[in-house]
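Worksheet: the structure to be examined is printed underneath.
Predicted model only: the values in this text are computed from it and were never measured.
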Amino acid sequence: MKTILLIEDEKRLSRFIELELRHASFSVTTAYDGPSGLDLALREDWDVILLDLMLPGIDGMEVCRRIRTVKKTPILILTARDSVTDRVSGLDSGADDYIPKPFAIEELLARIRVVFRRQEDRDEDNKALLSFQDLIVNLDSREVRKGAGKIELTKREYDLLIAFLSNAGRVLTRETLLDMVWGYEAAVDTNVVDVYVRYLRNKIDAPGETSYIQTLRGTGYVMRR
């Protein structure tokens, strides 16, 4: 169930929105002032935050700015202040959308659905990437980058890197790497793993830097720094 934090000091409106959102199968928590809303926003994780601008204690613009310095939670501003300047200020403060009052609940629900679709699209894009620190691999294009630079790898080196990236922080024995990269039926010795780890290090490590791939004597390797 998607979770929504509603920060709105007008209690009758707040109750109406809360009931409609619950009817639409959202889990809703309500705060009635800036300080308590900011505390909830930072202390817990939410799928979306609905934020009024004219709040007691801390105004909505400041609440939005403070949330955005810490979290990327989608924020929809709800307010009666509908000038172009107010809309621009709200968006510049980090809001994802701006809904002027009064609004139809159907429009609010539609805007929320748009936010969730954007988030799902970003999540799908991120599924195509594997990364560790400044190493990034695009699984669709098989492109490997370190920072802004591109790294050319052979198929075996690429498969070995994927094995390490998919198991960053986990110790992998030579036998495990052999099975993951060469396959169970491969008629090769585990020493070949050492050879290809050396090849891979030569391409992804910079002189003088600690290697991305650490050797654990008598055990295997682990990707960590």
Side-chain angles (χ1 to χ4, degrees), residues 1-3 41-49 64-75 92 94-96 114-225:
M1 182 180 290
K2 297 287 189 181
T3 59
L42 298 181
R43 181 157 42 90
E44 300 183 28
D45 292 327
W46 308 94
D47 291 303
V48 68
I49 296 172
C64 185
R65 279 191 289 267
R66 294 192 194 182
I67 293 171
R68 194 52 77 228
T69 61
V70 179
K71 292 190 171 186
K72 297 181 179 179
T73 310
I75 299 172
D92 284 346
D96 295 84
V114 168
V115 167
F116 289 149
R117 282 200 298 271
R118 287 175 185 161
Q119 188 65 48
E120 288 167 2
D121 289 343
R122 284 194 291 267
D123 291 343
E124 284 299 316
D125 290 341
N126 289 337
K127 287 179 182 177
L129 299 178
L130 274 179
S131 64
F132 179 78
Q133 296 183 5
D134 58 347
L135 278 177
I136 300 176
V137 175
N138 186 312
L139 298 175
D140 289 336
S141 65
R142 297 176 69 89
E143 184 179 76
V144 180
R145 288 190 170 276
K146 180 179 179 182
K150 188 175 179 180
I151 298 174
E152 298 293 340
L153 300 178
T154 66
K155 180 183 182 304
R156 200 69 75 186
E157 291 165 351
Y158 174 86
D159 292 342
L160 185 60
L161 177 60
I162 295 302
F164 280 118
L165 288 171
S166 301
N167 295 275
R170 176 187 168 198
V171 176
L172 301 174
T173 65
R174 289 171 175 82
E175 290 78 10
T176 297
L177 288 166
L178 195 64
D179 291 339
M180 293 172 72
V181 179
W182 283 265
Y184 289 100
E185 305 301 323
V188 293
D189 191 86
T190 54
N191 287 339
V192 75
V193 173
D194 300 325
V195 173
Y196 274 88
V197 166
R198 185 170 68 252
Y199 291 160
L200 185 57
R201 280 172 169 163
N202 288 339
K203 292 186 176 181
I204 65 174
D205 292 340
E209 287 185 357
T210 301
S211 177
Y212 291 94
I213 303 169
Q214 302 293 304
T215 303
L216 300 180
R217 291 187 179 278
T219 305
Y221 297 96
V222 60
M223 175 166 270
R224 68 184 180 204
R225 291 181 106 177

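- Annotation: side chain of Met223 is not in contact with side chain of Leu172 (no heavy-atom distance under 4.5 Å).
- Between Val181 and Arg156, the shortest heavy-atom distance links the atoms O-NH1, 3.3 Å.
- To the nearest 0.5 Å, atoms CD (Glu143) and OH (Tyr158) are separated by 10.5 Å.
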| message | For a side chain to side chain contact (heavy atoms under 4.5 Å, CB included) check, start with the C-alpha distance between Lys2 and Val48, then their side-chain angles and the critical distance, and finish with the verdict. | response | CA-CA 8 Å; Lys2 297 287 189 181; Val48 68; over 6 Å; no

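- Contact between Leu165 and Ser131 at its shortest, heavy atoms only, is CD2-C, 4.0 Å.
- Remark: Arg43 pairs with Asp39, Leu40 by the side-chain contact (heavy atoms from CB on, under 4.5 Å) rule, at least two apart or across chains.
- Taken to the nearest 0.5 Å, the CD atom of Gln214 stands 7.0 Å off from the CZ atom of Arg201.
- Taking CD1 from Ile204 and CD from Glu209, the interatomic distance works out to 10.5 Å, rounded to the nearest 0.5 Å.
- For the pair Leu177 and Leu160, the minimum side-chain heavy-atom distance is below 4.5 Å.
- Salt-bridge formation is detected for the pair Arg68/Asp96: a Lys NZ or Arg NE/NH1/NH2 atom is positioned less than 4.0 Å from an Asp or Glu carboxylate oxygen.
- Taking 4.5 Å as the limit, every side-chain heavy atom of Asp159 sits out of range of all side-chain heavy atoms of Trp182.
- Of all the heavy atoms in Thr3 and Trp46, the pair that sits closest is OG1-CA, 3.5 Å.
- In this structure, the separation between CG on Asp205 and CG on Leu200 is 8.0 Å, given to the nearest 0.5 Å.
- In summary, the side chains of Asp134 and Tyr212 do present a donor paired with an acceptor at a separation below 3.5 Å, with no hydrogens or angles considered.
- Heavy-atom minimum distance, Asn167 versus Met180: ND2-CE, 3.3 Å.
- In this structure, Arg142 and Lys155 have side chains that are in contact, with non-hydrogen atoms separated by less than 4.5 Å.
- For the pair Cys64 and Ile75, the tightest heavy-atom approach, listed with the atom from each and the gap, is SG-CD1, 3.9 Å.
- No side-chain heavy atom of Ile136 sits less than 4.5 Å from a side-chain heavy atom of Asn138.
- Residues Lys150 and Arg145 share a closest heavy-atom pair of N-NH1, 3.8 Å.
- To the nearest 0.5 Å, atoms CG (Leu161) and CD1 (Ile213) are separated by 7.0 Å.
- For the pair Asp45/Lys71, a side-chain contact is recorded, criterion being any heavy-atom separation below 4.5 Å from C-beta on.
- Heavy atoms of other residues, nucleotides or ligands lying less than 6.0 angstrom from CZ of Arg170 number 12 at most.
- Taking 4.0 Å as the cut-off between side-chain N and carboxylate O, Arg198 and Asp194 do not count as a salt-bridged pair.
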